[in-house]
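Notes to accompany the following structure.
In what follows, chains are A, B, ... by sequence order, proteins preceding strands, each numbered from 1. Treat the numbers as computed from the prediction; the structure is a model and nothing was measured.
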Protein chains: 6
Amino acid sequence: MSDPRPSGRAADELREVRLERHFTRHAEGSVLACFGETRVLCTASVETRVPGFLRGKGEGWVTAEYGMLPRATHTRSDREAARGKQGGRTLEIQRLIGRSLRACIDRKALGERTITLDCDVLQADGGTRTAAITGAYVALVDAVNGLLKRREITRDPIHGAIAAISVGMWRGTPVLDLDYAEDVACDTDMNVVMNDGGGFIEVQGTAEGHAFRRNELDALLGLAEKGIAELVAAQRAALADA
Amino acid sequence: MSDPRPSGRAADELREVRLERHFTRHAEGSVLACFGETRVLCTASVETRVPGFLRGKGEGWVTAEYGMLPRATHTRSDREAARGKQGGRTLEIQRLIGRSLRACIDRKALGERTITLDCDVLQADGGTRTAAITGAYVALVDAVNGLLKRREITRDPIHGAIAAISVGMWRGTPVLDLDYAEDVACDTDMNVVMNDGGGFIEVQGTAEGHAFRRNELDALLGLAEKGIAELVAAQRAALADA
Amino acid sequence: MSDPRPSGRAADELREVRLERHFTRHAEGSVLACFGETRVLCTASVETRVPGFLRGKGEGWVTAEYGMLPRATHTRSDREAARGKQGGRTLEIQRLIGRSLRACIDRKALGERTITLDCDVLQADGGTRTAAITGAYVALVDAVNGLLKRREITRDPIHGAIAAISVGMWRGTPVLDLDYAEDVACDTDMNVVMNDGGGFIEVQGTAEGHAFRRNELDALLGLAEKGIAELVAAQRAALADA
Amino acid sequence: MSDPRPSGRAADELREVRLERHFTRHAEGSVLACFGETRVLCTASVETRVPGFLRGKGEGWVTAEYGMLPRATHTRSDREAARGKQGGRTLEIQRLIGRSLRACIDRKALGERTITLDCDVLQADGGTRTAAITGAYVALVDAVNGLLKRREITRDPIHGAIAAISVGMWRGTPVLDLDYAEDVACDTDMNVVMNDGGGFIEVQGTAEGHAFRRNELDALLGLAEKGIAELVAAQRAALADA
Amino acid sequence: MSDPRPSGRAADELREVRLERHFTRHAEGSVLACFGETRVLCTASVETRVPGFLRGKGEGWVTAEYGMLPRATHTRSDREAARGKQGGRTLEIQRLIGRSLRACIDRKALGERTITLDCDVLQADGGTRTAAITGAYVALVDAVNGLLKRREITRDPIHGAIAAISVGMWRGTPVLDLDYAEDVACDTDMNVVMNDGGGFIEVQGTAEGHAFRRNELDALLGLAEKGIAELVAAQRAALADA
Amino acid sequence: MSDPRPSGRAADELREVRLERHFTRHAEGSVLACFGETRVLCTASVETRVPGFLRGKGEGWVTAEYGMLPRATHTRSDREAARGKQGGRTLEIQRLIGRSLRACIDRKALGERTITLDCDVLQADGGTRTAAITGAYVALVDAVNGLLKRREITRDPIHGAIAAISVGMWRGTPVLDLDYAEDVACDTDMNVVMNDGGGFIEVQGTAEGHAFRRNELDALLGLAEKGIAELVAAQRAALADA
């Protein structure tokens, strides 16, 4: 009935998801998150210091930084380090990743530590921020499990899982997990971050072309719920490997 | 039944809204937007040039910049010009304002012109971005009407009105138009941008404390729809004055 | 005999001066200073910290920052926060404001506190730096009176009043308080800062066109003395209101 | 006789070298260069523009940028994009990579095109700059072969191969291809860039501890010549794959 | 009667003034200006381009840049290039130098050329800006004479000479040409820029301690007039050498 | 047989070397280093603080900063302070100077002090970095001798002398101490830093045109050894003056 998606996927079908742990060796957690051709390297780094506003309060912090290699994209984009500043899009995404992951952390249980989640896009094909959040969660768990194993902390500070997915209106049809071809052409683009209990952490919807109606919004949220459930399962499967 | 709001307002009650046109004299549009004690000066500046990526295409551009005077807030914050860069929050807000207002503009009809919407917060008490969007729309209309009156353009490029409001969960109750006292204490904070046809332009919801459920999200969206209708009426009334 | 001024004012006539206290609510002092169509919002913020070079000396500090909203002027100017630095003119003016106000402060009596005077131009029509100094003085007094009232300090650190005015040669005639139309066309432009005892704090004269003679300088200084006396009276009147 | 190397390698033994082509899909050339545990992603991007100083001269340009992911190293280092500038080490390395690769290019034959070699370190274990140069050469060849295949250029602008290796004095013995454990502890560290004809492009030797003697320098250069020959063979083998 | 000056000079006595032309060889004008122990290298560079706002108008431009070597002063100050920006004092001084020298230039006669006056302080002992202006004038004349000699311009664009001197109140006495020891201890500090016709170009007086009276200001201006006359004579003498 | 050098010097002939001590008066060491027409002002500044990574370790630090006056060169180059950052070449050179001079310092014997070597090029004619290193060594000795004389340290932290020279291939002939005319036209350019014991501190060779052969490299190193011996003698002679 409706136009087929460029990828041939069903409207409610995720791309192939891969969460490859231990991708690099130095970080306390290191996950290559692949949503189809999108590949984001997510590392979790533990440091025994906290930002100034938390010093001496016995609490930890989780924060994120996001970057894109210059040629992760179809045409080369400027290196932000060379331009001398991070763009608005970068800051917006890294703030989103940080807020999302803090939603599953008991900062008291973490103690005076900072965990930094570096999400660097090696290859982009749409959905880099959702792959980043979904992969960063796994890296965070690995880093925290290391702390528990080395008995640096005694209580698991992580409650629940966090995953993220995009949804959008593609030629009148609500579809799940937009790739680049869909992203540039869709009418509405929404990123949804949820926990494994079905609670919403972030909802960010933008009308790219015409405004979206309440019933479209409802349909998109339903799709997102389905996608998140599958991503949480993929996270569990990845973490189940020794 | 539920906890009263700090301001004593009903759950679905806006603060007093004032949209004072011609607040300053040089800009093509100049509106002081007041949502209660929040005051944002919104000016619209018309320039006959467009950014590089649009040059020679016969289209115009609408963009926004956002700033906060250092002592608009309870405690003084650093001046961004002195620190040498705009923070992530500022960039995020000005990107939101720009996207929102572009949603009501036919860029072909505008011709090769840029309209810059400067939204500067003189006094902050929560909801500065929603006041900014709501006021910037009125400034934009004034600027465009000037172009029409001087016959620089022949067709009105504005289709529909744009307004924005915040909603949130205050001690278990969905409430409309959060002020600062509610903003710092609420569990969920959502900014909603809509047009006067009931279409959604942006939905940005964040769980501050615990995650929010689908039914809470639905209730918040309903409140937002009510608030937006009142704001659109206030815009019309302001623009009806000679 | 001489050319009439664009505004029709007499050569030794100030524009209408208004010093509106409590213009915004969060700052310890907040004054909208209007010299005709020039409007500068001057806030005084008290903080219990001092710059590094004063730490532990039991002395306070008074400093100033100056900004201009992008569309305070006839044509929009770049936002300094977006450009990533304050221009030379801005730095020069805020250094002048800070030096001028420090001239009436006993820093020992202030204790280890910093008072920052933020002077933000909402609308410009010439003389923004003189309006800023004149208004900042009133904001400073309000902030200091608050400290005295709350008994945070016991001795008034302010000795004397500070005000500032511009003078210039307009088509061969010395005139007082240049507005924008005069400023762009005059031959000599001088800003004079004085105290209420008739002492000079700053004299900054610049030949815009041809060099000025000693007798012209003398005439300009005389005009400035007259203008300052009127401004000091306006400050007193404003501060006399409860 | 001499102290064994931490890795157990012979003094003149390279680490395992892998040059994995087509590692990412968007770039005209994309090579993951692995020298043991050091992994550098080298992409070559072709653009039909040249820097200002070459405009209109019918010549092309080859340049390089270098970056290190924050957690490529044992402890997390600051993200240069977040700090707002590239450090001296980064600039030094990317200048070296650019100069080295320009040494094998006939810029006239390239035409008015810029090829940018982005070398991003995913994992660091010593020798990132030599892996970067060695891998960037392969990416450059792939990019140029694409231009030839698409007949955008008619003559191959590449003359000869370029490779790089480090050598150093490890506890009195000259050794080839320092890994991190050797790098931090060695007395002399030298990076050598050569072409496949045995010519030297760059020699950069630094005495880390005591100064090195002429005969040590000679021994190091001999080792480098051996290592380069092996790297050039590895490049050829990698490029021989379809 | 009055306190002797630290240097033993009479109240109206300049330090030894030296204006050493051709101090460096590449610049079109190069003068080492020495006021006692203060030494400023002033170079004039001619370029056949003008800033954007003058392009195509057939007029030239004269501008200045000011710098201080890190160890020109008693204690080392930060290098502005390393800190990443020029301080407010630097910008203020270079704007003053530029304005002052433009006062003696007929920009039409200069044609579309920019002359940049670089004033770099090699050694500081008070009065660096006045030495800079006085020396830059001589460098400017040398550069312009070169243009005339090579017949690149046909009419001398320089009308009159420009020189600058500081005056101040030293323990109640007006003194000429403050050195560092006087500068840090004086009550009023005034920089005066004049032309050789006795006209004032800039007057910048600052009360360092107590405010200054009108009669003090008059006495200081009189001293400045005397000093400027001697400096103009020194400039003439320097320029008279072949 | 071979082409004469532009300067008429023999292939192994240095330019006239002058090391003028006490060139400025405030610094603890101040040397004007002249290699022919190249003039670099090298100052050594002693401060009783160390960088963060050395605090509390009882060790000192030696570091360098390099700058070039805008008109030290044939055509004016941008002022780095005005552009807002130091270029790659500047950073590379100042890192080289710092590393080179640290090679002759016993940091324990220096105690918790930083000596900063500021090398500012007043006039450039090739070889600025080698003149800087050679002159900075003399300034460093003067500064350290001051510390010894004032008994702030008891043991001389300097072991051996450090000097630097450039060598290159000029039309097929190895030549010593390239001036600007040779530098822009030579095929290979090598900077060599050595100590007075004949040990190498740094060797940095770059093929500008075609790659250089091992025997050319050997010849260049031999020339450098000869030049360094003469420079060390010049340093000794300069330091022998009272």
Side-chain angles (χ1 to χ4, degrees), chain B residues 22-32 34 36-49 63-87 90-91 94 114-125 136 139 143 180, chain C residues 22-32 34 36-49 63-87 90-91 94 114-125 136 139 143 180:
Chain B
H22 313 304
F23 187 74
T24 56
R25 60 162 43 194
H26 298 310
E28 283 73 34
S30 173
V31 173
L32 184 74
C34 307
E37 290 297 331
T38 288
R39 297 189 202 161
V40 185
L41 174 51
C42 310
T43 59
S45 297
V46 181
E47 290 165 298
T48 52
R49 51 166 194 75
T63 186
E65 288 190 3
Y66 173 91
M68 177 108 81
L69 295 195
R71 198 53 198 285
T73 43
H74 285 79
T75 56
R76 186 175 185 277
S77 45
D78 285 349
R79 186 177 290 268
E80 290 186 323
R83 275 194 319 183
K85 65 173 175 177
Q86 296 178 296
T90 294
L91 293 174
Q94 69 190 18
T114 294
I115 301 185
T116 303
L117 302 162
D118 285 291
C119 300
D120 286 274
V121 180
L122 305 188
Q123 188 171 284
D125 187 36
Y180 179 76
Chain C
H22 313 304
F23 187 73
T24 55
R25 60 162 46 194
H26 299 309
E28 284 71 35
S30 174
V31 172
L32 185 74
C34 307
E37 291 296 330
T38 288
R39 298 190 204 160
V40 185
L41 173 52
C42 310
T43 60
S45 297
V46 181
E47 290 165 298
T48 52
R49 51 168 195 74
T63 186
E65 289 190 3
Y66 173 91
M68 177 108 79
L69 295 195
R71 198 52 199 284
T73 43
H74 284 80
T75 56
R76 186 176 185 275
S77 45
D78 285 348
R79 185 177 291 268
E80 291 185 323
R83 274 194 321 181
K85 65 173 177 178
Q86 296 179 295
T90 294
L91 292 174
Q94 71 190 16
T114 294
I115 301 185
T116 303
L117 302 161
D118 285 292
C119 301
D120 286 275
V121 180
L122 305 188
Q123 187 170 285
D125 187 37
Y180 180 76

Let me know if E37(C) has heavy atoms under 4.5 Å from chain B in its side chain, its backbone, both or neither. side chain
I'd like to know which of T116(B), T43(B), L91(B) tops the heavy-atom pair count under 4.5 Å against chain C. T116(B)
Taken to the nearest 0.5 Å, the spacing of D118(B) CG from T63(B) OG1 works out to 9.0 Å
Taking every non-hydrogen atom, the tightest pair across A136(B) and C42(B): N-SG, 3.7 Å
Quick one: what part of T24(C) sits under 4.5 Å from any heavy atom of chain B, side chain, backbone, both or neither? both
In terms of heavy-atom contacts, does CZ of R83(C) have more than 12 from other residues, nucleotides or ligands at under 6.0 Å? yes
Under 4.5 Å, counting heavy-atom pairs only, tell me which of E47(C), H74(C), E80(C) racks up the most with chain B. H74(C)
Output the distance between atom CZ (R79(C)) and atom CG (L69(C)), rounded to the nearest 0.5 Å. 7.0 Å
Run the side chain to side chain contact (heavy atoms under 4.5 Å, CB included) check on R76(C) and H26(B) step by step: do they pass? CA-CA 9 Å; R76(C) 186 176 185 275; H26(B) 298 310; over 6 Å; no
Out of T90(C), T73(C), L41(C), which one racks up the most heavy-atom pairs below 4.5 Å with chain B? T73(C)
Find out whether E65(B) and C119(B) are in side-chain contact, i.e. whether some heavy atom of one side chain is under 4.5 Å from a heavy atom of the other. no
At a 4.5 Å cut-off on heavy atoms, which part of D120(C) comes close to chain B: side chain, backbone, both, or neither? side chain
Heavy-atom distances under 4.5 Å only: say whether R39(C) touches chain B with side chain, backbone, both or neither. side chain
